[in-house]
2 protein chains.
Amino acid sequence: MVLSYTEENYLKALFQLTRETLEKKEAGTNELAAHLGVKPATVNDMLKKLKDKKLIDYEKYGKIKLTKAGEKSGVEVLRKHRLWETFLCVKLGFAWDEVHEVAEQLEHIQSSKLIEKLDKFLDYPEFDPHGDVIPNAKGEMKIKYKVCLSDMTPGERCMMVAVKDNSAPFLQYVISVGLGINNVIKVISRNAYDELLQIEVEGKVSSVSRKFADNIFVVCQDCMKGKKCKKGCKG
Amino acid sequence: MVLSYTEENYLKALFQLTRETLEKKEAGTNELAAHLGVKPATVNDMLKKLKDKKLIDYEKYGKIKLTKAGEKSGVEVLRKHRLWETFLCVKLGFAWDEVHEVAEQLEHIQSSKLIEKLDKFLDYPEFDPHGDVIPNAKGEMKIKYKVCLSDMTPGERCMMVAVKDNSAPFLQYVISVGLGINNVIKVISRNAYDELLQIEVEGKVSSVSRKFADNIFVVCQDCMKGKKCKKGCKG
DNA sequence: TATATTTGTTAGACTCATCTAACTTTTGTA
DNA sequence: TACAAAAGTTAGATGAGTCTAACAAATATA
């Protein structure tokens, strides 16, 4: 489907507001308007067009959600933006704080061949100059989680986002503790001698070993709220 | 001055129609419409806007001419187009026949810093992949003329476009023969023994030496008519 | 030179993305 | 729960760039 420059911007914004965050899945008219720097009335008009094109799920007074097709387009624009930013810094010698505006223009260039070749020319980078993940050609964003449950301090809350060990025995163990992706974990205490962690998940308290905690990727509370993270949870 | 994507296209087209040719200096409404793929009525509306912005000289039913400001903008777009084409071929491995459409988009990216850096990255190329001259940062197009008056065959017509020798004595000699830039020269005959050429300029017949003819750059009749040149007169 | 053909212009309409101002629905809280 | 605040919607307008259809001027040619 051929999208206008403007439609692409709406889809990119929606992707950032609803997908590129661990919690939120829907956006509102005012929120989107603020993000794009236009008035809510303008957004409202565009929402009707995007719905007609089956790029968003949306009902009057309801929340806005990307469809599969809409997400595909949105993530593609984000991918292009970040690849161009990388090009500008790595190949042309721009400073990392100078590239955003130019990339806002470059991200709308229509040519899949160009993006393939640019990606190759840059040797398939995984992160842009700001450290944000660059979606791959399939639109997948492989976030490199770095913070484990064992990095948490007693008293902190975090959310499980991935596992390091994908073996069946480990996964079964995880389930038995009542844990799963997106579960919030409260770290109660850490035993100084054997590093046994006491954690609370959905009201249930369990003890887990250091080895277990090493294999659970988590994100901190800032990440959970969509704020800037100081720990670098997302790589 | 900030120009729209569309205005830039009109100025680029006008530059190509009126400047990037040795003879023509003005364009018509229909001609411009055909070049841009829009209707004459559309062009007519835009001409008024471009005139208001002092980018063209234009009177009702008259011919269209770029002003200095208009020419500056037009040549800048052309420069960007050709630099991007060069980038696509040289750095990304595109074939020379695949780059035009993408460059049509890229030429409108607004960032003088980007173009400076791209130019440097490409090592200040003088010609694009199609062999067309790339205007430099000042908008100058240094056409590398290759064909001299001495390359002409008796009976051919050509037009003087430049001199190789810029010394005052030579230039004075040129003037004495009645020659000047843009004069049409008809080659009447060549003496087989000493290569003396008999030429006719504005009705006046003169004889000039091989040495003289070697220092006069000319373009062939195809070039004069704006057609594709087979001799490579323009380098 | 008269007229046919080409070239250029005008008027009026359409789409897209945007706005303001007024209105309606939903939500949060006293 | 009632009502105020927040969020969302509608109607009507604007400007850019485009179109078609009809008209006017310039030019080429018989």
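First the proteins, then the strands, lettered A, B, ... as listed; each starts at 1. Values reported hereafter were calculated over all heavy atoms of this structure, with side chains retained and with hydrogens, waters and symmetry mates removed.
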Requested in this report: Could you list all the side-chain hydrogen bond (donor to acceptor under 3.5 Å, both in side chains) pairs where at least one residue sits in residues 47-57 of chain A, not counting sequence neighbours?
Outcome: A:Glu7-A:Lys53, A:Lys51-A:Glu59
Report summary line: Quick note, B:Lys39 side chain, CB onward, closest among D:dA24, D:dT20, D:dT10 is D:dT20
Report task. Answer with base, sugar-phosphate or nothing: what part of the nucleic acid does B:Tyr10 contact at a heavy-atom distance below 4.0 Å? Result -> sugar-phosphate
Requested in this report: Give a yes/no on whether any side-chain N or O of B:Ser4 is located under 4.0 angstrom from OP1 or OP2 of D:dA16.
Outcome: no
Query raised in the report: Does a salt bridge link A:Glu98 with B:Lys117, judged by any charged N lying under 4.0 Å from a carboxylate O?
Result: no
Query raised in the report: Given side chains that start at C-beta, do those of A:His35 and A:Leu17 come closer than 4.5 Å, heavy atoms only?
Result: yes
Report task. Would you please name every residue forming a side chain to side chain donor-acceptor pair (under 3.5 Å) with B:Gln105, sequence neighbours left out? Result -> none
Requested in this report: For A:Thr6 and for A:Tyr61, locate the closest nucleotide of DNA chain C by heavy-atom distance; then report the residue assigned to the nucleotide nearer the 5' terminus.
Outcome: A:Thr6
Requested in this report: Would you mind classifying the nucleic acid contact of A:Thr29 as base, sugar-phosphate or nothing, using non-hydrogen atoms under 4.0 angstrom?
Outcome: sugar-phosphate
Query raised in the report: Quick one: A:Ile64 CD1 to D:dG8 P, roughly how many Å, whole number?
Result: 7 Å
Query raised in the report: With sequence neighbours excluded, what pairs up with B:Gln198 under the side chain to side chain donor-acceptor pair (under 3.5 Å) test?
Result: B:Ser189
Report task. Mind calculating the distance between CG (B:Asn44) and P (D:dC19) to the nearest angstrom? Result -> 13 Å
Report summary line: Residues at least two apart in sequence or cross-chain that pass side-chain contact (heavy atoms from CB on, under 4.5 Å) with A:Glu202, listed by chain then number, are A:Asn183
Report task. Taking side-chain contact (heavy atoms from CB on, under 4.5 Å) as the test, write out the residues that go with B:Glu101, two or more places apart. Result -> none
Return a table of donor-acceptor pairs under 3.5 angstrom between the side chains of residues 74-89 of chain B and protein atoms on other chains or two or more places apart.
from	atom 1	to	atom 2	distance (Å)
B:Arg79	NH1	B:Asp119	OD2	3.4
B:Arg79	NH1	B:Pro135	O	3.0
B:Arg79	NH2	B:Asp119	OD2	3.1
B:Lys80	NZ	B:Glu107	O	3.4
B:Lys80	NZ	B:Ile109	O	3.0
B:His81	ND1	B:Glu107	OE1	2.7
B:His81	NE2	B:Glu85	OE2	2.9
B:His81	NE2	B:His100	ND1	3.3
B:Arg82	NH1	B:Glu20	OE2	2.7
B:Arg82	NH1	B:Val133	O	2.8
B:Arg82	NH2	B:Glu20	OE1	3.4
B:Arg82	NH2	B:Glu20	OE2	2.8
B:Trp84	NE1	B:Leu106	O	3.3
B:Glu85	OE1	B:His130	ND1	3.0
B:Thr86	OG1	B:Arg82	O	2.7

Query raised in the report: Between which nucleotides of DNA chain C, 5' to 3', does chain B make heavy-atom contacts below 4.0 Å?
Result: C:dT7 to C:dT10
Query raised in the report: Can you tell me how far P of D:dT9 sits from CG of A:Leu32, to the nearest Å?
Result: 11 Å
**Report entry** Within residues 47-60 of chain A: residues closer than 4.0 Å to DNA chain D (heavy atoms)
**Finding:** A:Lys48, A:Tyr58, A:Lys60
Report summary line: For B:His108, the ring-ring contact (aromatic ring centres under 6.0 Å, His included) test, sequence neighbours excluded, returns B:Tyr5
Report summary line: Taken in chain and number order and not counting sequence neighbours, the residues that satisfy side-chain contact (heavy atoms from CB on, under 4.5 Å) with B:Lys68 are B:Glu71
Query - Relative orientation of the end axes in the helix from C:dT1-D:dA30 to C:dA30-D:dT1, expressed as an angle to the nearest 10° (five pairs per end) - result: 10°
Query raised in the report: Can you tell me how far C1' of D:dC19 sits from CE of B:Met46, to the nearest Å?
Result: 14 Å
Requested in this report: Could you tell me the separation between the NZ atom of B:Lys63 and the P atom of D:dA25, rounded to a whole number of Å?
Outcome: 17 Å
Query - All side-chain contact (heavy atoms from CB on, under 4.5 Å) counterparts of A:Glu116, not counting sequence neighbours - result: none
